[in-house]
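For reference, positions follow the sequence shown, starting with 1.
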Amino acid sequence: MVRRSSAGVLARTIWAVLWALGALAAPAAEAPSTWRPSEHPAQIERSITGFTRPRRAMMVASEVPGRITAVAVEVGQRVSPDQAAAVVSIDSAQAVIARDQARSAVAAAEQAAAVAALAIRSAEAEAALRERSAARTKALADDGKLSAEELDSAVTTAALARLAAQRTEVQVAQAATAVAQARLDLVRAEDLLARHQVPAPSGWLVSARQVEPGAMVAAGTPMLRVVDTTTLVVELHLSTEELAALRALPELSLRFPRHGGRRVPAQLARLDAEFDPLTRKRRIELDLVGAAAPEAVGGLEVALDFTMPDAGGAVLVPLAFLVGPGAQRVRLQDGSEHPVTVVRRDASTATILLGSLPPDAVLTP
């Protein structure tokens, strides 16, 4: 009974082990019965390197000659909102005097215009009085109470008073013109004074400084170079095939190799219509947000990574479709075998060069 029981236990144990092995074994994936290599081109990894630069830059230059009295920013510093109105100050003593003189000229012209306005009122009143006197003289002369000489004298006096009033009207117009000219001179003087405070865009980065306080500058002298790092640009040169692979990417990003491989979204901003006849490549510009980069500055190395079909015409073939010694041949549907060049292998596929095989060839295991 002990032997029979031991034999039964052994049998049941073996059966359980075989069942477990069968249950745990995953069914093998069904291999395809045919393979078209032309539908499976090999992909290669490409990485093109470029460098960032600011999208916009400008020189801050003097618009007036004079002596520098203050420079509010240093190289590497961003222009703050408080500094934007006057990053560089130029001695404005003479411009202040000219502005004050222009203000005085405006006041004098306005006073002269006020005097002219009073004069025209006086001349109009005098002319009206003389015209009424001439009318009374004419009535008396018509009645024979005054002589013709007295009538002529009264009429002439009235005419001269009217002419004097008209001459005063011209003086009033001249005074108004003088006021307008004085006000224009004041605007010009204030504008000249304002140009002694040189502005720069707020938030831009100072990349160069050419002047120091005490230096004399002429109109047009460059003083600072500032750049806008809100948007950084990466310029690359791509072939037609590389450009097609770039456009096929679901989303475009740039990698910073020297900053831990950090990736930043980018967008294709510009594509040159012409191409380099020597390299047969076209220049493109990619934009990225400066704040998203490791540093919002120019000169950062970036890499554009993408895959594209192998230029040598290599294709992918499952290992099961390689036959012959050393698995260096493939078999067509008609049973013929052709040699191929295996470039590399991995766990399940091989990258091969088909050589003389027709492009529409169909392989069988």
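The residues Glu74 and Arg209 are annotated as salt-bridged, a charged nitrogen and a carboxylate oxygen being separated by less than 4.0 angstrom. With respect to Glu190 and Arg99, no salt bridge is recorded, no charged nitrogen being found less than 4.0 Å from a carboxylate O. Salt-bridge annotation for Glu285 and Arg283: present, with a side-chain N of the basic residue lying under 4.0 Å from a carboxylate O of the acidic one. Under the 4.0 Å criterion applied to side-chain N and carboxylate O atoms, Asp276 and Lys281 are not assigned as salt-bridge partners. Contact check on Arg263 versus Asp305 returns a salt bridge, with a Lys/Arg side-chain nitrogen under 4.0 Å from an Asp/Glu carboxylate oxygen. Ion pairing of Arg188 with Asp191 is absent here, as no side-chain N (NZ or NE/NH1/NH2) approaches a carboxylate O to less than 4.0 Å.
In this model, a donor atom of one side chain and an acceptor atom of the other lie less than 3.5 Å apart for Ser336 and Asp334. At a cut-off of 3.5 Å, with distance as the only test, a side-chain donor of Ser89 or Gln197 sits close to an acceptor on the other residue. Side chains of Arg280 and Thr240: a donor-acceptor N/O pair is absent below 3.5 angstrom, by distance only.
Here the side chains of Leu304 and Ser47 are not in contact, with every heavy-atom distance at 4.5 Å or above. With contacts defined as side-chain heavy-atom distances shorter than 4.5 Å, the pair Leu271/Arg247 qualifies. Side-chain contact between Val60 and Val226 is present, with heavy atoms from C-beta onward closer than 4.5 Å. Side-chain contact check for Phe306 versus Glu45: every heavy-atom pair is 4.5 Å or farther apart.
The cluster map of Ile, Leu, Val, Met, Phe, Trp and Tyr, joined by side-chain heavy atoms under 4.5 Å apart, puts Val211 and Ile90 in the same cluster. When hydrophobic clusters are built by joining Ile, Leu, Val, Met, Phe, Trp and Tyr residues whose side-chain heavy atoms come closer than 4.5 Å, directly or via intermediates, Leu224 is not grouped with Val297. Tracing side-chain contacts under 4.5 Å through hydrophobic residues (I, L, V, M, F, W, Y), one reaches Leu286 starting from Leu238; they form part of the same cluster. Under the 4.5 Å side-chain heavy-atom criterion for grouping Ile, Leu, Val, Met, Phe, Trp and Tyr, Val302 is not connected to Val289 through any hydrophobic cluster. In the hydrophobic clustering of ILVMFWY residues, with side-chain heavy atoms under 4.5 Å counting as a link, Leu288 and Leu300 come out together.
At most 12 non-hydrogen atoms from other residues, nucleotides or ligands lie less than 6.0 angstrom from CZ of Arg258. Around atom CZ of Arg121, no more than 12 heavy atoms belonging to other residues, nucleotides or ligands sit under 6.0 Å away.
The side chain to side chain donor-acceptor pair (under 3.5 Å) test with Asp287 is passed by exactly one of Arg270, Arg55, Gln267: Arg55.
Side-chain atoms of Glu337 do not come within 3.5 Å of backbone N or O of Arg331 as any donor-acceptor pair.
In terms of heavy-atom proximity, Arg130 sits nearest to Ala161 at CG-CB, 3.6 Å.
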List the steps, then state whether salt bridge (Lys or Arg N to Asp or Glu O under 4.0 Å) holds for Arg46 with Glu242.
CA-CA 9 Å; Arg46 293 298 303 272; Glu242 292 169 341; 2.7 Å; yes

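Between Trp35 and His40, the ring-plane angle classifies as parallel under the 30° and 60° cut-offs.
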